[in-house]
Amino acid sequence: MEQDEVREELRCLVTGATGYIGGRLVPELLDAGHRVRCLARSPDRLRDHPWAEDAEVVRGDVTEAASVRRALDGIDVAYYLVHALGSGKDFEETDRRAARTFADQARAAGVRRIVYLGGLTPADVPEHALSPHLRSRAEVGRILLGSGVPTTVLRAAVIIGSGSASFEMLRYLTERLPVMVTPGWVHTRIQPVAVRDVLRALVGSARMAHDVNRTFDIGGPDVLTYREMMVRYAEVAGLPRRVILAVPVLTPGLSSLWVGLVTPVPSSIARPLTESLRHEVVCREHDIARYVPDPPGHPIGFDEAVGLALRRVREARVTTRWSSASVPGAPSDPLPTDPDWAGGSLYADHRERRVDASPEALWRVIEGIGGENGWYSFPLAWAVRGRLDRLAGGVGLRRGRRDASRLRVGDSLDFWRVEAIEPGRLLRLRAEMRLPGLAWLEMRVLTDDDGRTRYRQRALFHPHGLLGQAYWWSVSPFHAVVFGGMARNIALAAASTPAPAPGRTPVP
């Protein structure tokens, strides 16, 4: 009987599958022998994941009861991995409403267990004194625990893994600043946890007994201050010892601006992360091991977790990143279509060039754009635009790329996001920079009637109000340099791109 229960196939719903943890949890659940359904506002963003054909994807939003109810139909275990981090002053109400909707619909659907990943809260600190981010995480956990559905709430502090926001913040601060004047929270004690142990706990929680309805603290074996984490990161990464000077005058707001200027993490995300470091976050128990036993070598220590993450970064095997999830408040309107779009003004900059290279060579250049490869025109202009976006609270250019040579729908790409990709033919990017309107950049590979390769480029802008109109006309004089130079240099780069090495399959 017990053996049958162990082997039982569970039907799991994963919300937040386009995010950092959710995107890694799905293949782990599949490997454990479960059936997986993903709830996503934009199902196309999961299309190119390696596991996409093995999981069911349904469209919906956790704030919409009807779509949540449909997604939960026939589900045994529901993973709640969404939150409104950095989405504005009303994010606590958004989190509260979404959690209540999910709890009500899970109970109505007869779900056997809810599993939620929340934040580790400090001991002996009243909830009203917590950061808004941690306070909201704690409230969501209470709502789900009170749903009438047996619930597992896992509480983690800093998650160490390639691509996590906490790891990226630690990595860039340590690597870029050999001498740092830091906020006082660098002396706060923290119990970091490896992302592999987080995923192990999430998967194992699916089979908890029906009478388990509680929170569990999850953490690694090391309790460190943030300063010690930076020192040990430098040692693992082979960097010279860092000089770290803490000062008490940097407020959470100033801290987030400092982090935003030095790291790829924008201040809108950095602020809740740094606010959460004001109080000590150390596990008070390790009861999770009674239900999800620790295998040999686990939990993973801090140094090993950093080493594993750095190896993934250096080998370009980062499967998900903190920026995998959409930027809160980013536009989701459909691309205006020509010529029958009736949504108002639509400005476009068109460029087309003949390319003395094969379509495959041109596509390799297009798919490799951004990140370390840059944007093939007027680097100073792109750098200034990225810096202005960061100062305005946007994402800027520092997000870079998840993979140096391959893109998939939903990938963040500097201050763009991949909206559509047809390998060998089309790449369409949607702007996530701060703009008074909506913007897209589209790049196509074509072949003319004579069999020659052509490159077609469109920059589209749908202005919002008078400010949007003024923005377009103020920057239009620079389009010849920026977009014209981009088309010219992409064509030249394709012409000078070497052919694939023997035995390699060309890009389709």
Side-chain angles (χ1 to χ4, degrees), residues 19-25 28 81 85 117-121 133-134 137 154-177 182 185-204 216-239 242 244 259 262-265 269-270 272-274 276-277 280-283 286 288 292 294-295 297-325 402:
Y20 176 70
I21 293 292
R24 298 189 180 206
L25 176 62
E28 296 290 331
L81 302 175
L85 175 65
L117 178 61
L120 185 60
T121 54
H133 166 54
L134 279 183
R137 290 291 191 95
L154 302 175
R155 308 193 309 171
V158 171
I159 296 177
I160 302 297
S162 59
S164 77
S166 296
F167 177 73
E168 292 291 278
M169 193 170 94
L170 174 68
R171 179 164 78 99
Y172 278 84
L173 287 176
T174 309
E175 291 187 355
R176 291 187 171 180
L177 299 176
T182 61
W185 49 253
V186 297
H187 293 306
T188 301
R189 295 171 75 241
I190 304 161
Q191 191 163 353
V193 59
V195 67
R196 296 188 184 196
D197 284 322
V198 174
L199 293 171
R200 181 175 56 82
L202 286 168
V203 173
F216 295 91
D217 294 352
I218 56 174
D222 302 301
V223 176
L224 307 164
T225 67
Y226 204 89
R227 182 185 186 281
E228 289 170 334
M229 288 169 59
M230 289 191 286
V231 169
R232 285 174 65 164
Y233 176 95
E235 292 174 355
V236 174
L239 301 171
R242 271 31 194 164
I244 303 169
V259 171
V262 176
T263 80
V265 182
I269 302 295
L273 292 178
T274 55
S276 299
L277 296 173
E280 181 177 283
V281 277
V282 176
C283 296
H286 188 56
I288 187 68
V292 186
D294 292 332
H298 290 262
I300 296 171
F302 176 80
D303 291 357
E304 183 182 356
V306 169
L308 290 168
L310 284 175
R311 189 182 312 156
R312 287 263 184 176
V313 171
R314 289 164 180 167
E315 294 175 356
R317 293 190 299 121
V318 180
T319 54
T320 62
R321 301 177 68 215
W322 63 271
S323 56
S324 298
R402 176 189 58 83

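Positions are given from 1, in the same order as the sequence printed here.
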Any side-chain heavy atom of [X] sitting closer than 4.5 Å to one from [Y]?
| X | Y | value |
| --- | --- | --- |
| Asp217 | Gln191 | no |
| Leu154 | Ile288 | yes |
| Met230 | Val186 | yes |
| Leu120 | Val193 | no |
| Thr188 | Tyr226 | no |
| Leu25 | Leu199 | yes |

State which residues pass side-chain hydrogen bond (donor to acceptor under 3.5 Å, both in side chains) with [X]; sequence neighbours excluded, sorted by chain then number.
| X | answer |
| --- | --- |
| Arg227 | none |
| Thr121 | Arg155 |
| Tyr233 | Glu175 |
| Glu28 | none |

[atom1]-[atom2] distance between [X] and [Y], expressed to the nearest 0.5 angstrom:
| X | Y | atom1 | atom2 | value |
| --- | --- | --- | --- | --- |
| Ser162 | Tyr20 | OG | OH | 5.0 Å |
| His298 | Glu304 | NE2 | CD | 7.5 Å |
| Met229 | Ile160 | CE | CD1 | 4.5 Å |
| Leu202 | Ile21 | CG | CD1 | 7.0 Å |

Atom of [X], atom of [Y] and distance for their closest heavy-atom approach:
| X | Y | answer |
| --- | --- | --- |
| Leu81 | Gly22 | CD1-CA, 3.8 Å |
| Pro299 | Gly220 | CB-CA, 4.0 Å |
| Ser164 | Ile159 | OG-O, 2.9 Å |
| Ile300 | Ala305 | CG2-N, 3.7 Å |
| Ile218 | Ala201 | CG2-CB, 4.4 Å |

**Fill in**
For Glu280, the salt bridge (charged side-chain N to carboxylate O under 4.0 Å, His left out) test, sequence neighbours excluded, returns Arg189

**Prompt:** Mind checking what makes salt bridge (charged side-chain N to carboxylate O under 4.0 Å, His left out) contact with Arg200, not counting sequence neighbours?
**Reply:** Asp197, Asp294

**side chain to side chain contact (heavy atoms under 4.5 Å, CB included) against Arg242, all qualifying residues, sequence neighbours excluded** = Thr174, Pro178, Met180, Ala234, Leu239, Pro240, Ile244

**Prompt:** Salt-bridged, Glu168 to Arg171, with N to O below 4.0 Å?
**Reply:** yes

**Asked** Given the rule in the side chain to side chain contact (heavy atoms under 4.5 Å, CB included) test, do Leu170 and Val158 qualify, once you have shown the distances and angles that lead to the verdict?
**Response** CA-CA 10 Å; Leu170 174 68; Val158 171; over 6 Å; no

**Prompt:** Quick one: ring pair (Phe, Tyr, Trp, His ring centres under 6.0 Å) partners of Phe302, sequence neighbours excluded?
**Reply:** none

